[in-house]
Amino acid sequence: MKIGIVLYPTFGGSGVVGTELGKALAKKGHQVHFITYSQPVRLGSFRENIFYHEVAISDYPLFEYQPYETELTSKMVDVVKYEKLDLLHVHYAIPHASAAYMAKQILKSQGIDIPYITTLHGTDITLVGKDPSFEPVITFCINQSDAVTAVSESLKNDTYAHFNTTREIHVIPNFIAPNLKPSNAASEVRRKYALDNERILCHVSNFRKVKRVEDVVRVFALVNKKIPSKLILAGDGPERSYLERLVRELDLCGKVLFLGNVSDTAHVLEISDLFLLPSETESFGLAALEAMAVGVPVISSNTGGIPEVNVHGETGFLSNVGDVEDMANNALKIFKDEETLNLFKHKAVDRAHDFDLAKILPLYEKIYFDLVGEGK
Ligand code: GMT
């Protein structure tokens, strides 16, 4: 099958899922065409069956805001037509689903029928999409999609709650990419960041307000009062300078390490003992799943789809949003002794296997085949 994947190429979870899905489909023999404005971060080097089509963004002086959606639509039309794609799969509704709808109509007028699948990832529904400035367009595009998927039951319910849609929404959870396997060099690398008697706590995100990275720092401050530890923060975003100031205020310099954006987060995760995800909302929490896959338990909030991933008392603990004391106490429970920590680590890995790519990929393929026929 020839599949066009439209996504954000950046460090966000939807881009990671779209890219890893495309790579896995290509490995299975499908031809995958990525369409976006720059090379997806997780794409890596040259691979069989993978093609990348860049949406060139013009800078015509008339436009204060460049019309990306229009240029994306034109590129989608072009790629579908000349690469003879069988379907389009768009990740993150805004503006990808509306661009797909428009591309579909243009192609229809030229006698080409192309189905499009919209995968809802989270903030396209829970934060941005439901805002009145987007809602009518998002509702329309969800209803017009040939198939709609959401990454958790929670996100599916949020979509029904916020949008006037009766469309069937298939829940297809996120998955573990096969490259997330522990490496042998972890203990050596670990020594560069922490002493042997220190625990490493870690957080990976885009440092947006919704991630509540301030809570990460405050939980760490409480844990650090009781046990020797370090906090590794991977990622970058709008909250970073505020967090750097907070770390100085709390006198945690040298204990909190800001790494900036890291393309291969598995290497950061595998030297960590605990992952913190105290988000305000989180449709799934891919970062937490990636941590669990390499044996890192998770302390998280109990919001959105996180409880569908992190199992309270087994793979980590869940607390109410903002309850940093409870989160810190839970972290200390996990760090009680080596045996307890190891138990949580093992359960985290076991749970992550429920989200193995081999289990999830056929769910997407089934939707594709239902739309275009098995023979493709
Ligand atoms: O979390 C972000 O800010 C990035 C965002 C994205 O669209 O890239 O992540 C969303 O999609 C991920 C992949 O499906 C989910 O794992 C995240 O939970 C979700 N983020 C939120 O709901 C806040």
Side-chain angles (χ1 to χ4, degrees), residues 5-22 24 36-38 40-42 89-97 117-131 134 138 148-159 161-162 169-177 180 203-213 215-216 233-240 261 263 265 269 275-293 298 300-310 318 321 352 354-355 357 360 363-364:
I5 294 188
V6 180
L7 44 67
Y8 282 107
T10 50
F11 288 93
S14 65
V16 169
V17 171
T19 309
E20 296 292 355
L21 175 65
T36 184
Y37 58 83
S38 78
V41 171
R42 285 270 184 106
H89 186 172
V90 304
H91 290 265
Y92 206 90
I94 310 165
H96 301 149
I117 296 136
T118 302
T119 291
L120 308 172
H121 277 275
T123 46
D124 46 354
I125 295 300
T126 54
L127 288 184
V128 193
K130 71 180 187 196
D131 186 285
F134 288 103
I138 301 305
V148 182
T149 76
V151 298
S152 63
E153 287 292 337
S154 156
L155 184 59
K156 173 180 159 177
N157 296 337
D158 280 342
T159 309
H162 298 305
I169 298 176
H170 306 266
V171 173
I172 303 187
N174 290 329
F175 53 85
I176 294 298
L180 283 171
H203 171 81
V204 180
S205 80
N206 48 29
F207 288 39
R208 283 192 241 142
K209 260 208 153 27
V210 67
K211 300 291 173 183
R212 297 184 68 103
V213 192
D215 289 1
V216 170
L233 294 172
D236 211 333
E239 292 290 288
R240 178 161 170 182
N261 281 327
S263 57
T265 47
L269 296 170
F275 188 82
L276 302 175
L277 190 67
S279 309
E280 184 82 35
T281 72
E282 198 71 62
S283 69
F284 183 88
L286 181 63
L289 177 62
E290 291 190 336
M292 286 159 55
V298 174
S300 67
S301 53
N302 54 12
T303 186
I306 301 180
E308 295 171 48
V309 180
N310 185 19
L318 301 157
V321 172
D354 292 345
F355 301 90
L357 177 64
I360 307 299
L363 306 179
Y364 280 117

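Whatever order the structure lists them in is the order used to number ligands and atoms, beginning at 1. Residue numbers count from 1 along this sequence.
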Among G305, G285, S283, whose heavy atom sits nearest atom 22 (O) of ligand 1? S283
For ligand 1, which part of L155 has a heavy atom less than 4.0 Å away: the side chain, the backbone, both, or neither? neither
Determine yes or no for a side-chain-to-main-chain donor-acceptor pair under 3.5 angstrom, with H89 supplying the side chain and I5 the backbone. no
Has D124 got a side-chain atom pairing as donor or acceptor with G122's backbone, closer than 3.5 angstrom? yes
For the residue pair T119 and H121, confirm or rule out a side-chain donor-acceptor distance under 3.5 Å. no
Distance-only, no hydrogens or angles: does the S279 side chain make a donor-acceptor pair with backbone N or O of E282 under 3.5 Å? no
Under 4.0 Å from ligand 1, counting heavy atoms only, is it the side chain of Y8, its backbone, both or neither? neither
What is the closest protein heavy atom to atom 10 (C) of ligand 1, and at what distance does it sit? H121 O, 3.3 Å
Angle between ring planes, H96 versus Y8, binned at 30° and 60°: parallel, tilted or perpendicular? tilted
In this structure, atom 9 (O) of ligand 1 is nearest to the protein heavy atom G13 N, 4.1 Å
For V151, atoms of ligand 1 separated by under 4.0 Å from a heavy atom: 14 (O)
G122 heavy atoms within 4.0 Å reach ligand 1 at atoms 22 (O)
One finds that the ligand 1 atoms under 4.0 Å from a non-hydrogen atom of N174 are 13 (C), 14 (O), 16 (O)
Taking S283's backbone N and O only, do any of them form a donor-acceptor pair with S154's side chain (distance below 3.5 Å, no angle check)? no
So, the side chain of N310 versus the backbone of V298: is there a donor-acceptor pair under 3.5 Å, distance only? yes
Has the side chain of E308 got a donor or acceptor atom that lies under 3.5 Å from a matching backbone atom of E153? yes
Just to be sure I'm reading this right: ignoring hydrogens, which of I94, N206, T281 gets closest to atom 4 (C) of ligand 1? Compare them by their nearest heavy atoms. N206
Would you find a donor on one side and an acceptor on the other, under 3.5 Å apart, between the side chain of N261 and the backbone of D236? yes
Would you mind running through ligand 1 and noting each atom that sits below 4.0 Å from a heavy atom of Y92? 7 (O)
Consider ligand 1: state whether an atom of it lies below 4.0 angstrom from any non-hydrogen atom of K211. yes
So for ligand 1, is G15 a polar contact partner (N or O within less than 3.5 Å, distance only)? no
At what distance is the nearest protein heavy atom to atom 21 (C) of ligand 1, and which residue and atom is it? E282 OE2, 3.5 Å
So is L286 polar-close to ligand 1, meaning N/O to N/O under 3.5 Å? yes
